[in-house]
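Since the structure is predicted, the reported quantities are computational estimates derived from the model, not experimental observations. Residue numbering restarts at 1 for every chain, and letters A, B, ... go by the order of the sequence lines.
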Amino acid sequence: MAQKSDSSPVPENLDLELRRGVVVLAVLSQLQTEQYGYSLKKALADQGLEIDEGTLYPLLRRLESQGLLQSDWRMAEARPRRYYVISPEGRRVYQALSANWRTLTRVIDRLVQPAEVSDGDPGTA
Amino acid sequence: METQELLDRYVHAIGEQLPRRIREDVKAELRSLLAEMLDDRARQDQRAPDLELAAAVLRDFGEPDEVAARYRPPGRLIGPELYPTFVLVARIGLAALIGLGGLLLALALWRSEAPLAELGRTLWEVAVQIAGLALMNLGLLVLIFAGLERWGARHTSASASAAWNPLDLPAVEDPDRVERGNLIATLCFNVGLIVLLNFFPGAVAIFFIHDGVWGRFPLLAPEFQTDLLPWFTAAWALEAALNLAVLWQRRWTPVARWAEFGLSILSIIILARALMGGPILAPEILTAFAKLILAIILVIAVLEAAGQIYRLIGRWFAPPPAPLSAPPR
């Protein structure tokens, strides 16, 4: 899924577990305007979230099959491209997920903060 | 090999493992995305998007089996890692059963003295037996693979992925490509048979020397020449005409494929008629042998026709390549 640094002490499977649910929220957040697969990957990477192609592109199709995204092919550009955009249903889900995310991060912040302070390593999440 | 051909091979290898309903759409999207990645990588590295770079992009994208597994809906009983092996084993099992059924059918037809109407019943009985065995075989395989999935005896692909080389991908076979040599050989064979059996039937004979004089014993039974030869001639002539048309067009078109299927059905009817009819060769013992050969040919023709209609129906229901069918905005 998302790429991680080799120097991280976190086992890769735990890192993947942590990011799995977040990726859907990140993708929905960036598809408020139309994007094709590769431009979406770059947009996410530019903002610090690297997701490999083998995860991102099948995810787009899955979200579309769930009715959260809409897509269509554009032929007028240099090569045919499939553009994705969030659907009305996806927008409702996105709003609900965002609210859940904010609540969750507040809770998790409270939970992890004491441990970080006691480790003498505050400020990194 | 050109860069585009390598990408095509890769996309094809993935597409072959996807359900038919999403195959063309995913392939079209992958073609677009891979071309995008390759161009971008070439810009970043300030070099041409050559074969080496394309192979590097494909290595990053992942082995076809893994990529296809991500596109497939999550399996309930058999997961994406074991699914390709399951399909392969199931196909081998089905092919073995069909081969066995064909052999049984050939033997039944050879030994049968029943009229033509009995042929349908024999075919039906063998088909029902094979279908029952196939279902049982499939159920058993599902149980075995579900067990493997459940108790973790799945293959680890990490080392295989590390060794995977995109340049080793097999070429994409074009099902509509004309194999000229094959068609020309069939055409010559058909024309040769038509000329030989219609204009020189006496040449089909056993030749011998008796008291220093050449003699011959004609092999073709008169009943065969009057009742069956016109039908065989018509089928061979139609096949020759079809081969000529395909050679002329340089490609198998859908119409040509349907015509090929129609000819297969015609051949099956004629072969069945010959099998259930009167003598073919003059000595009775040779007629029995000829009918055994015809029974085997009939079984092969039935299997071929089944394969042809399976492919035709598959193409009929397969969606066209997505970018070509999408209306421009």
Using the side-chain contact (heavy atoms from CB on, under 4.5 Å) rule, take B/Glu36 and A/Arg81 through it: C-alpha gap first, then chi angles, then the decisive distance, then the call.
CA-CA 9 Å; B/Glu36 206 85 51; A/Arg81 282 176 177 148; 2.6 Å; yes
Around [X], counting heavy atoms of other residues, nucleotides and ligands shown, do more than 12 lie under 6.0 Å from its [atom1]?
X        : atom1 : answer
B/Gln44  : CD    : yes
B/Trp258 : CH2   : yes
B/Arg59  : CZ    : yes

Nearest non-hydrogen partners of B/Ser32 and A/Pro80, listed with the distance
OG-O, 2.8 Å
Can you name the nearest heavy-atom pair linking B/Leu33 to A/Tyr38, along with the distance?
CD2-N, 3.6 Å
Sequence-distant partners of B/Glu52, salt bridge (charged side-chain N to carboxylate O under 4.0 Å, His left out), two or more places apart:
B/Arg47
Going through the checks in order, is the side-chain contact (heavy atoms from CB on, under 4.5 Å) test met by B/Arg70 and A/Tyr57?
CA-CA 9 Å; B/Arg70 290 190 196 122; A/Tyr57 303 146; over 6 Å; no
At a 4.5 Å cut-off on heavy atoms, which part of A/Arg61 comes close to chain B: side chain, backbone, both, or neither?
side chain
Given the rule in the side-chain contact (heavy atoms from CB on, under 4.5 Å) test, do B/Asp40 and A/Lys42 qualify, once you have shown the distances and angles that lead to the verdict?
CA-CA 11 Å; B/Asp40 197 51; A/Lys42 296 197 83 171; 3.1 Å; yes
First locate atom CG of B/Leu34, then atom CD of A/Glu53, and finally report the distance between them rounded to the nearest 0.5 Å.
8.5 Å
Pair A/Arg79-B/Asp39, side-chain contact (heavy atoms from CB on, under 4.5 Å): steps then yes or no:
CA-CA 12 Å; A/Arg79 63 169 56 92; B/Asp39 284 353; 2.6 Å; yes
Would you please name every residue forming a side chain to side chain donor-acceptor pair (under 3.5 Å) with B/Arg41, sequence neighbours left out?
B/Asp60
